[in-house]
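Scroll down for the structure; my scribbles are underneath it.
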Amino acid sequence: MRHATERTRSRMDIIVRHGGNLIPKFDVSVVTHIVTDAQKGPTLRALGLRNLDKIPDHIPTVKWSWIVSCIGATQGDARLNEVWLYAAFSERIDAGIPKFNSTLSRNRTKDNVPDVVNISHISQFTQDGNHLQERNLIDMDDISEFPDPDNLQRSLPRALLDVTKTHDPLEQFYAKAKAELENGSPYHSDSECGSGPDLSRIEFHADMPLAKKGWTCDKRADKIDVCPNQDVIDKLQELMEIHKSRLGEEDRWRAFSYNKCIRILKSYPRRIQSLNEARSLAGVGEKTASKIIEIIETGQLRRIDYENTDDIKVGRLFQGIYGVGQSIAYQWYASGCRTLDDVLSGKGGVKLNPAQEIGLKFYSDINSRMPRDEAKAIFDLIKPIALQLDPGLFVEIMGSFRRGKADCGDIDILITRPTDDGKTHAGILSRLLRELHAAEILTEDLALPENPYDLECIYRGLCHLPKEGSSRRRIDFLTVPWQSRGAALIYYTGDDIFNRAMRMKARVMGYALNQRGLFAGVVRDPHDRSKKLNPGQLIASETEEEIFRILEVPWQEPHQRIRG
DNA sequence: AGGCGGTACTG
DNA sequence: CAGTAC
DNA sequence: GCCT
């Protein structure tokens, strides 16, 4: 117990050293985050609440590791500080997450109407709370005065300290927010750091059930998700596409940046009013902020007009062909091709490889999404065929389908097999592909596995429902060793953003995560990070749960892993 | 000034 | 190896 | 392009 108390105090000290404030009493109007490694009961007791629902959704409940991560965050990732990765209670995993629609498309069956409350309750200023908090923790080292520990000790409620005797300590803290939101009324909080940055208090409408009305009211968004900055998003998206279709690393990363800005804007609840407000969003810098303002003031972005030249448009068209990227598209343009027909007829001597031929032939099919039902129908044909080859197979559908999306861009099917009876799934893929071709479910192959008798291989192809006039659909088969099924499930379920955050958290914690497992002690060549000097030691890979647990990521069902 | 994921398949 | 896809 |  003494130990726990000391640890609590040292943790409190760390918090204040990094510019956080501890709040003696739970007050929803000032508390921005709740930090606890304790269990639900003790935490609630310390807060003086009856249940977790009483905590407003804008206040995330995070573990101590969140603080560690914020402080230890070194390079290039604001997402490290995403609170959901550090949520103390899975019920509150969404608290503090700036997503309007993170629960929008989950498990939507026909009788399941979109849940308006869920859609809106996640939203709001949580975003502000989040990244403001991050900045406080990381940037405010220059604050010279911090409260004396005894004061802190006294200021903490007795109950809270008692809690830490038997469980891990619980602390609350409050970090002053920078006045980045221009219409937030700035005020200086109690601490006397005169030279500190502008501080403001974020207005929390604490005791309202936070649902719909309170926040979305200023936009008459009776229709769910009308994003207040949609016009800005559209223009930035265009610009992003332009950069994406150009060859060259810089453009690639520019597109990457715009993509991030777009994601942020999509979840930003208010119309951007000023350059400063735009600038205040993590991921929006000078350049993008001024573009945002231009769009808002003039309704357009001149950059787009003179950047969206003919070669770019044609390039984008060509890149819609499977197997054609920036490089090939540009070559074809240089050869004089301007339309898909030009390409088809081999104008300028352009040649297509087999995959590209297929990609061109089914251009529109491949570029459109299929209804969830269709993905299911196709899968329901495939799975029995696979099980007929070997009843021991594990055959599951991954990707956006597993996340519950209403429409899917492709079908990803994971295949593996328990080995306890001494058998494996090696070689099954070849047989399955044959069967599926025979059944006229598989129609074209795009990429075959290098060695189909490996336990781990990848197949890419096209399929359809064996009916007249049904569209071609992209389908992938992925086989993995039974041992790595958990990591593979995570990896192939996504979404991308979620995976990236997992990977980065793993890295910060000293692990490396990939589709094969969670590894410790991976050493990479600093000059070529793709080279591993030491492959590391496998820590976990068999189940999703254990990987989540080791990474201290609260368990989330696939439909809860939507971040993009 | 350097990072922004890491891997597999094609030709 | 570069290019592409995921 | 943005962030450290």
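Using a 4.0 Å heavy-atom cutoff across all strands shown, A/Arg303 reaches sugar-phosphate atoms only and no base atom. Within 4.0 Å of A/Gln326, counting heavy atoms only, lie sugar-phosphate atoms of the nucleic acid but no base atom. Among the atoms of the strands shown, none is found under 4.0 Å from any heavy atom of A/Leu239. At the heavy-atom level, A/Tyr258 lies under 4.0 Å from the strands shown only through sugar-phosphate atoms. Backbone-only engagement by A/Arg460 is indicated by non-hydrogen atom pairs under 4.0 Å involving sugar-phosphate atoms exclusively. The residue A/Tyr459 sits apart from the nucleic acid: no heavy atom pair falls under 4.0 Å. Using a 4.0 Å heavy-atom distance criterion, A/Lys532 is classed as a sugar-phosphate-only contact. Residue A/Lys351 is out of contact with every strand shown, counting any heavy-atom pair closer than 4.0 Å.
Because its NZ or CZ atom is both nearer than 6.0 Å to the ring centre of A/Trp555 and within 45° of the ring axis, A/Arg561 counts as a cation-pi partner of that residue.
The aromatic rings of A/Trp482 and A/Phe394 sit perpendicular to each other, their planes meeting at more than 60°, with 30° as the lower class boundary.
Here A/Trp253 lies parallel enough and close enough to stack on the base of B/dC4, with planes under 30° and ring centres under 5.5 Å apart.
Remark: the A/Glu357 side chain and the A/Asn353 side chain contain no N/O donor-acceptor pair separated by less than 3.5 Å. Counting only N and O atoms by type, the side chains of A/Arg402 and A/Thr493 include a donor and acceptor under 3.5 Å apart. For A/Asn276 and A/Ser274, the side-chain atoms include no donor-acceptor pair closer than 3.5 Å. In this structure, a donor-acceptor pair under 3.5 Å is present between the side chains of A/His437 and A/Asp445. A/Asn451 and A/Asp454 are linked by a side-chain donor-acceptor pair at a separation below 3.5 angstrom, with hydrogens and angles left out of the test. Side-chain contact annotation: A/Thr339 with A/Asp341, donor-acceptor N/O pair under 3.5 Å absent.
Residue A/Arg252 places no side-chain N or O under 4.0 Å from the OP1 or OP2 atom of B/dC4. A sub-4.0 Å separation between OP1 or OP2 of B/dT7 and a side-chain N or O of A/Ser530 is absent. For A/Arg507, a side-chain nitrogen or oxygen approaches OP1 or OP2 of B/dC4 to under 4.0 Å.
For A/Arg524, the side-chain atoms get nearest to B/dG6 when compared with the rest of B/dA8, B/dG6, B/dG5. Side-chain atoms of A/Thr288 lie closest to D/dC2 of the nucleotides B/dT7, D/dC2, B/dC9. Comparing B/dG11, D/dG1, B/dA8 by their closest approach to the side chain of A/Pro354 singles out B/dG11.
Protein atom CG of A/Asn259 is 13 Å distant from nucleotide atom C1' of D/dC2, rounded to whole Å. Atom pair A/Ile458:CD1 and B/dT10:C1' shows a separation of 13 Å (rounding to whole Å applied). Note: CG (A/Leu478) to P (B/dC9) measures 11 Å, nearest angstrom. The nearest whole Å value for the distance from the CZ atom in A/Phe256 to the P atom in B/dG5 is 5 Å. The CE atom of A/Met504 sits 14 Å away from the C1' atom of D/dT4 (whole-angstrom rounding). As a whole-Å value, the separation of A/Arg529 CZ from B/dG5 P is 10 Å. Atom CG in A/Asp528 sits about 15 Å away from atom P in B/dG5, given to the nearest Å. Atom pair A/Lys287:NZ and D/dC2:P shows a separation of 6 Å (rounding to whole Å applied).
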- Task: Take A/Glu277 and A/Tyr268 through the test side chain to side chain donor-acceptor pair (under 3.5 Å) and record every step on the way to the result.
- Result: CA-CA 11 Å; A/Glu277 183 177 0; A/Tyr268 194 66; 2.6 Å; yes
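B/dG5 and C/dT4 are spaced 16 Å apart, taking the C1' atom of each and rounding to whole Å. The same atom, C1', is picked in B/dA8 and in D/dG1; the two are 29 Å apart, to the nearest Å.
Put simply, chain A comes within 4.0 Å of DNA chain C, heavy atom to any atom, from C/dG3 to C/dC6, going 5' to 3'.
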